[in-house]
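Here is how names work: the chains are called A, B, and so on, in the same order as the sequence lines, proteins then strands, and each is numbered from 1.
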Amino acid sequence: MSIRQPSSPRALLSFRRWQAPAFRRFNRLGFWTHYYKRGVLRFFRFGLELLVGPLVSSLLFVLVFAVAQSERAAMVPGIDLIQFIAPGIILYAIAHTAFENAAAMLVFEKMEGMITDVQMAPLSPLELLAGYALSSATCGLAVGLLVGGAASVFVDFSSFDASLVIGFAVATALLFGFLGTVVGLWAERWDHYSAVEGFVVVPLGLLSGTFFSVERLPEAFREWIFYNPVFYAIDGFRAGLIGHAESSHTVGFAVLGILILGLALLGWRLFAVGYKIKP
Amino acid sequence: MEHRTVSPAALSVRRLGLVNWRGLWTLYMKEVRRFLNVFTQTLLAPMVTTLLFLAIFTLALGGGGRQVGGVDFAVFLGPGLIMMAMVQNSFANTSSSLVIAKVQGNIVDILMPPLSATELTLGISAGGVTRGLMVGAAVGLGMWLFVPLQIHAPLFILYHALMASLMLALLGMIGGIWSEKFDHIAAVTNFVITPFSFLSGTFYSIERLPPIWQTVAHFNPFFYMIDGFRYGFIGHADGSLGTGLVVMALFNLFLWAVAHRMLASGYRLKP
């Protein structure tokens, strides 16, 4: 590693030869500890609650739609309703986990006062941001893999296109990982966090074409859905799984890329100035 | 102001009547203020989420003037969604109250005062019922703007709203006392309460289920409360109404006895 170790026990006692640990541009050991040991391992320690919980609620949604669907009306000609909604449910699980994990971790650390543990560590603002956002995105993708795996057992994903599926899944996980980090920094109490979750994340996720085709919407609302970034993510992801798209992938990647970049810059700036975490 | 000397006799234990009304009221108001303090999280967020559910389910499943149980799909769905919001919130109120109090150690604040097990059960469950009914009213009012809900039998609506909130409030108490960590109560919510509130006829008439599952549904209290509550709005029920009334009352009595026993014996509450 890049940390200079004292070579012998004698060197430990010598003040002259001791030097402060010097890091290269990127503190890899610190980042890995922050990202993997604090972020990812923490998530898997609560595996039953955090991994299996989203899996059960996603499957419940599929089950309810399977029983309640009407025989007459297919959502889109030639595509089964379950086939249509399954990709959206998988992506929603990814987005929600990625958001929840980063935001809840930050709010918890701030309220318990443990945030100093990461602030005291020799991590730059960029490393802090990346640790929170990327670990949360990783957990979101893990949930997505689990839900997707379970869904593929009984849903036909015949026209699987790996580049679209992975591209949009990763973009969504990153978008909500960064969003969760920014919201976690902003929120001072649990009800601030759950207000953002209830009034921003859930509506964006549910009103995004997860459960219905754009053509189902009343005329007046049809244009509005194109302002919802999650719509592009779900549409692209669905195109990768079942080959039915309602918008352009290029536009989708551009919209998500710009938002990810914007949120990452905002989060970087917030960590740099210590927004709500430094006195 | 007149100064009085306190005689030793006046320093004796404060006498309580049969019921410690002041203590009961204080406990109840503590439970109510606890959720009203964060009403965006406990009242508005469930309302928004439920209305979103209404929107997506109507858009996805209600196409082409679809009728269920003799009414429009949205009118059929509305009461089920109100009931789902009520039960999830009354469960969340009592369970989170008890688990947080246990984890943070302030459970002694309700164990030390002179409150009997009956008063504790009543005070805490009444807090959960209040939240359930308030969420139900908020969701119902919000829904009424979009869906032409009719009131067919108001007494059925009131009875089942009250009984369902009480049932889930008591279940939340039992779950909260049993849980030692947040994981435990989250597991109960994820693997018991959510599946039951989703699969017991909220979104569909149980006539759509395979025959074996229809039989199973008739042993499920969640089915009776949703069915009876919906009957109050649309005047059509899948199951027997009389059975529903009896099942809800008996099941609540049973749960009350369990919760009372847990509080009286101090199970996982007292060392």
Counting heavy-atom pairs under 4.5 Å with chain B, which one of [options] comes out on top?
options: A:Val67, A:Val56, A:Ile85; answer: A:Val67
options: A:Leu217, A:Val64, A:Thr210; answer: A:Val64
options: A:Ser194, A:Ser57, A:Gly198, A:Ala195; answer: A:Ser194
options: A:Leu50, A:Leu206, A:Leu59; answer: A:Leu206

* To do: Counting only heavy atoms closer than 4.5 Å, note whether B:Leu51 contacts chain A via side chain, backbone, both or neither.
  => neither
Looking only at heavy atoms, which of [range] get nearer than 4.5 Å to chain A?
range: residues 225-241 of chain B; value: none
range: residues 186-199 of chain B; value: B:Ala186, B:Ala187, B:Asn190, B:Phe191, B:Thr194, B:Pro195, B:Phe198, B:Leu199
range: residues 32-40 of chain B; value: B:Val38, B:Thr40
range: residues 83-98 of chain B; value: none

Just so I know, are the side chains of [X] and [Y] near enough to count as touching, which here means a heavy-atom distance under 4.5 Å?
X: A:Phe43; Y: A:Asn101; value: yes
X: B:Leu61; Y: A:Leu81; value: yes
X: A:Phe211; Y: A:Ile89; value: yes
X: B:Met262; Y: B:Met173; value: no
X: B:Met143; Y: B:Thr50; value: yes
X: A:Phe99; Y: A:Leu175; value: no
X: A:Phe168; Y: A:Leu256; value: yes
X: A:Phe231; Y: A:Val214; value: yes

* Derivation and outcome, side chain to side chain contact (heavy atoms under 4.5 Å, CB included), residues A:Gln83 and A:His244 -> CA-CA 10 Å; A:Gln83 216 184 356; A:His244 169 83; over 6 Å; no
* To do: May I have the step-by-step check of side chain to side chain contact (heavy atoms under 4.5 Å, CB included) for B:Phe76 and B:Gln67, ending in yes or no?
  => CA-CA 8 Å; B:Phe76 176 85; B:Gln67 301 262 310; over 6 Å; no
[atom1] of [X]: more than 12 outside heavy atoms within 6.0 angstrom?
X: B:Ile212; atom1: CD1; result: no
X: A:Lys37; atom1: NZ; result: no
X: A:Trp190; atom1: CH2; result: yes

* Structure fact -> Max heavy-atom pairs within cutoff under 4.5 Å with chain A, candidates B:Leu44, B:Thr49, B:Thr42, goes to B:Leu44
* Ring centres under 6.0 angstrom apart (A:Phe212, A:Phe84) -> no
* When the aromatic ring centroids of B:Phe53 and A:Phe61 are compared, is their separation below 6.0 Å? -> yes
* Which is it for A:Ile225 and A:Leu207 under the side chain to side chain contact (heavy atoms under 4.5 Å, CB included) test, yes or no, and what are the steps along the way? -> CA-CA 8 Å; A:Ile225 202 168; A:Leu207 294 179; over 6 Å; no
* Is there a donor-acceptor contact under 3.5 Å from the side chain of A:His96 to the main chain of A:Tyr92? -> no
* Would A:Arg38 and A:Glu109 pass as an ion pair if we require N to O under 4.0 Å? -> yes
* Is it the backbone or the side chain of A:Val202 that comes under 4.5 Å from a heavy atom of chain B, or both, or neither? -> both
* **Heavy-atom contact with chain B under 4.5 Å, split by part of A:Leu63** => side chain
* Would A:Trp186 and A:Tyr193 satisfy side chain to side chain contact (heavy atoms under 4.5 Å, CB included), going step by step from the backbone distance to the final call? -> CA-CA 9 Å; A:Trp186 167 80; A:Tyr193 154 75; over 6 Å; no
* Output, in order, the C-alpha distance, side-chain angles, deciding distance and verdict of side-chain hydrogen bond (donor to acceptor under 3.5 Å, both in side chains) for A:Thr138 and A:Tyr36. => CA-CA 10 Å; A:Thr138 311; A:Tyr36 182 71; over 6 Å; no
